[in-house]
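Below is one structure; the comments refer to it alone.
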Amino acid sequence: ACGLVIFGKSSGPEFVQETYTAITYHNKSPDFYEEVKIKLPAKLTERHHLLFTFYHISCQPKQGASVETLLGYSWLPILLNDRLQTGHYCLPVALDKLPFHYSIHSPEKVPSQTPPIKWVEGHKGVFNVAVQAVSSVHAQDNHLEKFFTLCHSLESQVSFPIRLMDQKITEATLEHELKLSIICLNSSRLEPLVLFLHLVLDKLFQLALQPMIIAGQTANFSQFAFESVVAIVNSLHNSKDLSKDQHGRNCLLASYIYYVFRLPDPQREVVKPGNVGARSRYYTFGRTSAMSVGSKLLHSRVISCSNPDIAVTQSATDEEVKNIMSSKPMDHSSSRMSFCVEGTNDVPSVCASPRPPNKKHFHEELALQMVVSTGIVRESVFKYAWFFFELLIKSMAQYVHSIEKQDNPRRSRFSDRFKDDITTIVSVVTSEIAALLVKPQKESEQAEKINISLAFFLYDLLSLMDRGFVFNLIKHYCNQLSNKLNSLSTLISMRLEFLRILCSHEHYLNLNLFFMTSTYAPVSPSPSLSSQNSSSCSSFQDQKITVFDLSAEYRQQHFLTGLLFTELAAALDADSEGISKVQRKAVNAILSLLSSHDLDPRCSKKEVKIKIAALYLPLVGIILDSLPQLYDFTRRTGNTEEEEECAGAINQNVALAIAGNQLNLKSFGITLVSLPYRQSATLSPDTTRNLLICFLWIMKNADQNLIQKWIADLPSMQLNRILDLLFICVSCFEYKGKQSSDKVSTQALQKSQDVKARLEEALLRGEGARGEMMKRCRIPAGNDRSVGLSENLRWRKEQTQWRQANERQDKTKAELDQEALISGNLATEANLIILDMQENIIQASFAAECRDNLLGGVLKVLVNSLGCDQSTTYLTHCFATLRALIAKFGDFLFEEEVEQCADLCQRVLHHCSSSINITRTQACATLYLLMRYSFSSTNNFARVKMQMTMSLASLVGKSPEFNEEFLRRSLRTILAYAEEDADMQATPFPIQVEELLCNLNSILSDTVKMREFQEDPEMLMDLMYRIAKGYQTSPDLRLTWLQNMAEKHTKRKCYTEAAMCLVHAAALVAEYLSMLEDRSYLPVGSVNFQNISSNVLEESAVSDDVLSPDEDGICSGRYFSESGLVGLLEQAAELFSTGGLYETVNEVYKIVIPILEAHRDFRKLTLTHSKLQKAFDSIINKGQKRMFGTYFRVGFYGSRFGDLDEQEFVYKEPAITKLPEISHRLEGFYGQCFGEDAVEVIKDSAPVDKRKLDPNKAYIQITFVEPYFDEYEMKDRVTYFEKNFNLCRFMYSTPFTMDGRPRGELSEQYKRNTILTTMHAFPYIKTRISVIKKEEFILTPIEVAIEDMRKKTQELTAATSQEPPDAKMLQMVLQGSVGATVNQGPLEVAQVFLAEIPADPKLYRHHNKLRLCFKEFIMRCGEAVEKNKRLITADQREYQLELRKNYGKLKENLRPMIERKIPQLYRPVMKVHSTRESFRSHSFRKYDAQTSSQSTKE
């Protein structure tokens, strides 16, 4: 090779002329492993070749001899038939010097020489060499090289025939060979095809456009070229080695269209072989003109963000937008052609020159080929429609630019034949989409991609063609799709995606004629689709203002928006499977549009936004019609984590409502005015929120005069629907603060860690390399044996910077602060818009007859907003509106809206405790005005006083965050207002205000005391119980405090006690309902609740101080009604069920069912009976498996306890609570209060002698107690539930001996049984009840033995009769009864007490009882041994024999003592002549008395 063409090694120069291989020692067949890299010259000839020279190297050369000995030569020509020679070759080696011009021949085919060349092994191939070429000039593919060679023969001056490899091609066969090469292009290898893709496509498009004259005949390659392009596109997409973008498009093809493609050269129509043509235009770089033309098309996408992959600077606004945005007045009727629908109503230009008949345009040819394609080609065109659509659009844009038709009317830019082809393409593609959608899921995904491609195609056509023509295409698409699809959700989804893309057009507003009024706007060329015949989505009728209706006229004037609204209305009305995703897509499409308008600098002026809002006014009607489907944010809950932990527990807001808190608007049971029965929400929270954002944006930017006029014409029902919508809006946009973001991040972190742990566990369970690596990864870092290993593990996640995205805090503090700021601003903005809407409603309907109803709805929304977290800006305006309402409509508010005023009192009072000065000032002024107007209207504001008292009681009972000091300041401010109000000094108003504020201060004092015991739940409940007891004569306040207690119990998961609080509340309601109305189906009073709890009688209204429910302000809450009573009892039943007291659920529903039957509420009756069935099923299935509670006696001793000194209580603790648990809890709590050294727990249960205690210490005595029943009680307490319910007597035992020791020998072991009686029966409304009575009984040793033997016998009986039998339990009891090694077992007891007849006659009866106990005991032991024999397995036979042996020994040892009778008890002392039946009529006790009297006489 000539020149420095061989790359040198790293230690030498960059290029060298020759290179050597390494020496192979003593090998006749050496292998050379060197790789030689050669740089080929740009222009290769047939003389270029590779020369190989072979040498022998002498390791021990003779003196004077050369080290190198030349052996021979071989060579390889680089070109063969103008193609690079690559691959594996086996070359012969010549021993002689090579002849002249040897390089033009291959070594295998060297012609005969004179003298002849000597070859190694007779000219056989002995040298193997592999050649690989890396070239961007040589295709190295037969098909590509043939295609390029034939194309070159058409373009350049060549002489025929031409040689193509081993083939000669004449001019006559050129056309046939070229067609074959075009067809075979797709058979090329993928790698060279990709390398030369741009050139291949350019040549194919040139052949498709230009007819060729070959041998005097015109040759048309259009169809072959198009089919080849389709095949290449298909191959590139099917290749797994080529990258695709996020939309599944091949990146090579996309980049070709955007950066490479330009129209084939239109000047040269015919290329004649042999003629000298212009220079070739096939190249791949420097297409600046194509880029500049393409930017004309691409700039619109940049603004609309529909194609984010292209970064092109935004060009200037087009002429239409300039005309629209100019502030100069315009005559729309005369100038609309220039800026609005210029392609719709224009006339064909007379100056448009017709296209020459022999001249083809690329876009026309491409469209024609797409239309006439068939079979597999047609399927591929549809499958990859995006490529051909983009190609079509760019060729159209370049065509318009090249012929300078930008200023011509759109209708004359393109021929009618081309428009027909476009129409056909859209129709066929739409049919293909519909056909794919009815196929499996994979085909549906393909249909979605084609649908998106078609949408972008029409989107681009709007910038190039007559827009009326494009609108007709859109209409035909919608109609065609609706006719061929049966699935409503799929149909709406496809059309929505289609419309979403079209509506993202830069000139969307102009396309929809947003600036036109309904009086003179032109009619759209495509007025409707299939939905035009459907009824209007707005329910308003007979109104003067019709711009809020989605009417046919609106859909004609605003075509795209009308289509979008029609799809939204259809999605909201539909109720098919999968419709929720469609609804979300529809709402998000409109939200995106409004967001783009709001951010568009062209729409920043107020007058423009008014016109834009007017375009979207029908959306308001659609939202109002979909009100029942909106997610109800007013039913939100507080702490979701706590509620998940206590599933089935009472909801905080529900508890407030049930307990009689008529002041809580967030409570369960709020029904919207216009919706008597709310259905379950069908829209998700996010979808509803986005829809409400759209509504508020329209209300903010619309013409307020138009809004007021519309409101004035609306009927009362529609206004109430608007107020209901505003009510939901308030709750939806409540400010959540930064905590929600932190909480989400924490949950995401926890979820990520859980997923990571599960993944690692799955890998660890696997075998092979993955499992081994995971096991090594988990080796502790501190393990010395793994130190070296850990250092070498590069993939270890713990030792690298790689982390999962969710394993760290995804957002910085600054980002969280920014999110919180945006959230706060949104909440303020939304609520201010809502406030403006309410004022519009009040002003517009001031003179209307429905004013009263509207005021109640407005007040409801205002009060709800005060209950949400709000900014000071909004609160200032809200309080001002409230004061205006009170001043104008005070009489109506105080008389008709009693419950709303109560809610208002609580909300305003809550803001009186705010830490922000301006908020407190506004709240104080509002509260004082409320009191003042209440007094002025009725001259007695007793109801407001009661409401304020209840509000404060509720506030301090359930709101731990309120500030007492700020509230006291506010009360002093209100008092100052009353003292300085000159107009009210002559009235008793100031004195009444002072009395009221004194009462409120006393409630605050009680609250302070409650806060001291926040950490002592029992003391806290006692204090709340005392406060509730103090409100015995005030039913409303007692109801509130019972509600507070229920809430506290629920938080502690004491569901039974919470249910009892609600039962007491229901009994209280029943008492006062019985005074108001006499209905047979209602409970008479608390008496009817005795079966639920005997404690409920304390709610009886029999005191002299009881207020009549007819008095003003008494029993005015919403729960002093039949529905309130039912609600209380239903919630109580739910809590009883959660607590496992299923039998009580039945008793509760016995009171509820008659009320439901009287109201014919069959829906609730169905639900009630289903709950009863569940309760009874639970009783059957769970039975004695339930754990109701554990009881302890707790005594407090010491002056440090104050009021608790020497007080004894019975505590109810959760099931399976051990003595050390409660001991540790109480000791720890009081240790914190008094100091750990000052608290001591008394370990035993003996009586406490206070004189022996240290006066400086606090002593706690804790004893486990069990429910105690007399024998007659046990007849009624049959079930396990009955033995654990309605308990007021408890017993604990204390063993002792006469010498003071707790334990001793059997003969000296005494026992003290202590029976405690509590003030109330468990379960009660609190978990500890004071002891009011204590009884003690001392058992003698033999009585202790009798009691123990009875217990053992009962255990044996229970274990023997248990179903299904439990072998382990039976064997355990048997082992303790007949085991040979049992200390103080039955045998020892018998030997102590039955070995001899007692000398004292008083012990005869005890001796005989013990003997009978042993007789029954040994009988039960025998039954148990026999039962165990049937239960044992084969491996337990020896154990059974051992048990039987022990049983036999025990029976033999006990027999003489059991059979020994005391003669004095069985001596015949009287003759019995009666029959057996008459003898049975006497009791044994009477018989014993008779025998003892006879003995005395004798």
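The structure presented is a predicted model; accordingly, all values stated were derived computationally and were not measured.
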Open item on the list: Whether the side chain of Ser1137 engages the backbone of Glu1134 through a donor-acceptor N/O pair (distance < 3.5 Å, no angle test) should be reported.
Closed with: no
For residues 1056-1065, the salt bridge (Lys or Arg N to Asp or Glu O under 4.0 Å) pairs (sequence neighbours left out) are Glu1057-Lys1212
TODO: Assign the ring pair Phe1192 / Phe1264 to parallel, tilted or perpendicular, where the plane angle (0 to 90°) is split at 30° and 60°.
DONE: perpendicular
For Ala1133 and Val1145 the tightest heavy-atom approach is O-CG2, 3.6 Å
To the nearest 0.5 Å, atom CD of Gln1261 lies from atom OG1 of Thr1263 at 4.5 Å
**Request:** List the steps, then state whether side chain to side chain donor-acceptor pair (under 3.5 Å) holds for Tyr1081 with Glu1122.
**Result:** CA-CA 10 Å; Tyr1081 57 84; Glu1122 294 180 15; 3.0 Å; yes
Any donor-acceptor pair under 3.5 Å from Asp1205 side chain to Phe1201 backbone
no
Arg1289 meets the salt bridge (Lys or Arg N to Asp or Glu O under 4.0 Å) criterion, sequence neighbours left out, with Asp1270, Glu1335
To the nearest 0.5 Å, atom CE of Met1045 lies from atom SG of Cys1054 at 11.0 Å
When rounded to the nearest 0.5 Å, the distance separating CZ of Phe1136 from OG1 of Thr1144 is 5.0 Å
Checking side-chain polar atoms at under 3.5 Å, does Thr1190 have a donor or acceptor matched by the opposite partner on Glu1213? no
Using side-chain heavy atoms (C-beta onward) and a distance below 4.5 Å, is Ile1332 in contact with Thr1318?
no
ask   = Hey, what's the ring geometry for Tyr1211 with Phe1209, parallel, tilted or perpendicular (30° and 60° as the breaks)?
value = perpendicular
Between Val1063 and Ala1132 the two heavy atoms that sit nearest each other are CG2-CB, 4.0 Å
(request) May I ask you to test the Glu1157-Leu1165 pair for a side-chain heavy-atom distance under 4.5 Å? (result) yes
NZ of Lys1164 to CD1 of Ile1153, rounded to nearest 0.5 Å, is 13.0 Å
Note: Leu866 and His911 closest approach over all heavy atoms is O-NE2, 3.0 Å
side-chain contact (heavy atoms from CB on, under 4.5 Å) for Gln992 and Met931? Distances and angles first, verdict last. CA-CA 10 Å; Gln992 294 188 21; Met931 297 163 60; over 6 Å; no
Flag, side chain of Ser1074 to backbone of Val1084, donor-acceptor distance under 3.5 Å = yes
Tyr1191 vs Phe1322, ring pair (Phe, Tyr, Trp, His ring centres under 6.0 Å): CA-CA, chis, key distance, verdict
CA-CA 10 Å; Tyr1191 298 91; Phe1322 283 101; 5.2 Å; yes
For Arg1193 and Tyr1292, run side-chain contact (heavy atoms from CB on, under 4.5 Å): C-alpha distance rounded to whole Å, both residues' side-chain angles, the deciding distance at 0.1 Å, then the answer. CA-CA 9 Å; Arg1193 164 193 166 269; Tyr1292 66 93; 3.5 Å; yes
**Message:** Apply side chain to side chain donor-acceptor pair (under 3.5 Å) to residues Lys1174 and Tyr1142 and explain how you reach the verdict.
**Reply:** CA-CA 9 Å; Lys1174 290 181 181 177; Tyr1142 306 111; over 6 Å; no
- prompt: With the threshold set at 4.0 Å, does a side-chain nitrogen-carboxylate oxygen contact exist between Glu964 and Arg968?
  reply: yes
**Asked** Does the side chain of Val1152 reach to within under 4.5 Å of the side chain of Tyr1149, using non-hydrogen atoms?
**Response** yes
- Message: Taking Glu1143 first and then Arg1186, would you say they form a salt bridge - that is, a charged N and a carboxylate O separated by under 4.0 Å?
- Response: yes
**Message:** Please check this pair: side chain of Ser970 against backbone of Cys912, looking for a donor-acceptor N/O pair closer than 3.5 Å.
**Reply:** yes
The salt bridge (Lys or Arg N to Asp or Glu O under 4.0 Å) partners of Lys1150 (sequence neighbours excluded) come to Glu1147
Say whether, by atom type as modelled, one donor and one acceptor occur between the side chain of His1049 and the main chain of Ile1325 under 3.5 angstrom. yes
TODO: In plain terms, say whether Arg1328 and Glu1208 are close enough for a salt bridge, that is, a side-chain N and a carboxylate O under 4.0 Å apart.
DONE: no
* **Side-chain heavy-atom pair Leu1129, Phe1089 within 4.5 angstrom cut-off** => yes
Report task. Spell out, as yes or no, whether a donor-acceptor pair under 3.5 Å connects the side chain of Thr1279 to the backbone of Glu1282. Result -> yes
Please determine whether a side-chain nitrogen of the Lys or Arg among Glu1099 and Arg1038 lies less than 4.0 Å from a carboxylate oxygen of the Asp or Glu. yes
Quiz item: Between Phe1290 and Tyr1268, is a ring pair (Phe, Tyr, Trp, His ring centres under 6.0 Å) present by the stated rule, with each step listed?
Solution: CA-CA 5 Å; Phe1290 301 88; Tyr1268 174 79; over 10 Å; no
Correct closest heavy-atom pair for Leu1226 and Ile1262 would be CD1-CD1, 3.9 Å
On a heavy-atom basis, the closest approach of Asn1095 and Pro1323 is ND2-O, 3.6 Å
| said: Contact between Leu1135 and Thr1056 at the side-chain level, heavy atoms closer than 4.5 Å - yes or no? | reply: no
To the nearest 0.5 Å, atom CZ of Phe1176 lies from atom NZ of Lys1171 at 14.5 Å
Go through the steps to decide whether Leu930 and Val908 satisfy the test side-chain contact (heavy atoms from CB on, under 4.5 Å), and finish with yes or no.
CA-CA 10 Å; Leu930 183 67; Val908 177; 6.0 Å; no
Between Thr1050 and Ala1046 (side chain of the first, backbone of the second, donor and acceptor by atom type, cut-off under 3.5 Å), is there such a pair? yes
Verdict with supporting geometry, Phe1188 and Phe1285, ring pair (Phe, Tyr, Trp, His ring centres under 6.0 Å): CA-CA 9 Å; Phe1188 289 110; Phe1285 189 77; 8.4 Å; no
Exactly one of Leu927, Leu1000, Leu996 clears side-chain contact (heavy atoms from CB on, under 4.5 Å) with Ile974, and that residue is Leu927
message = Is a donor from one side chain sitting under 3.5 angstrom from an acceptor on the other, for Asn1286 and Ser1093?
response = no
- Query: Do the side chains of Ile1155 and Leu1082 get nearer than 4.5 Å, heavy atoms only?
  - Reply: yes
Which of Glu1271, Arg1277, Lys1275 passes side-chain contact (heavy atoms from CB on, under 4.5 Å) with Glu1273? Answer is Arg1277
> Would you call Met1291 and Val1265 a side-chain contact if the rule is heavy atoms closer than 4.5 Å?
Replying inline: no
Margin query: Can you confirm whether Ile1329 sits close enough to Cys1288 that some side-chain heavy atom of one is under 4.5 Å from a side-chain heavy atom of the other?
Written below: no
Subject >> Steps toward side-chain contact (heavy atoms from CB on, under 4.5 Å) verdict (Ser1178, Asn1181) >> reply: CA-CA 5 Å; Ser1178 299; Asn1181 296 331; 5.9 Å; no
dist Leu1128:CG -> Cys1061:SG (nearest 0.5 Å) comes out at 11.5 Å
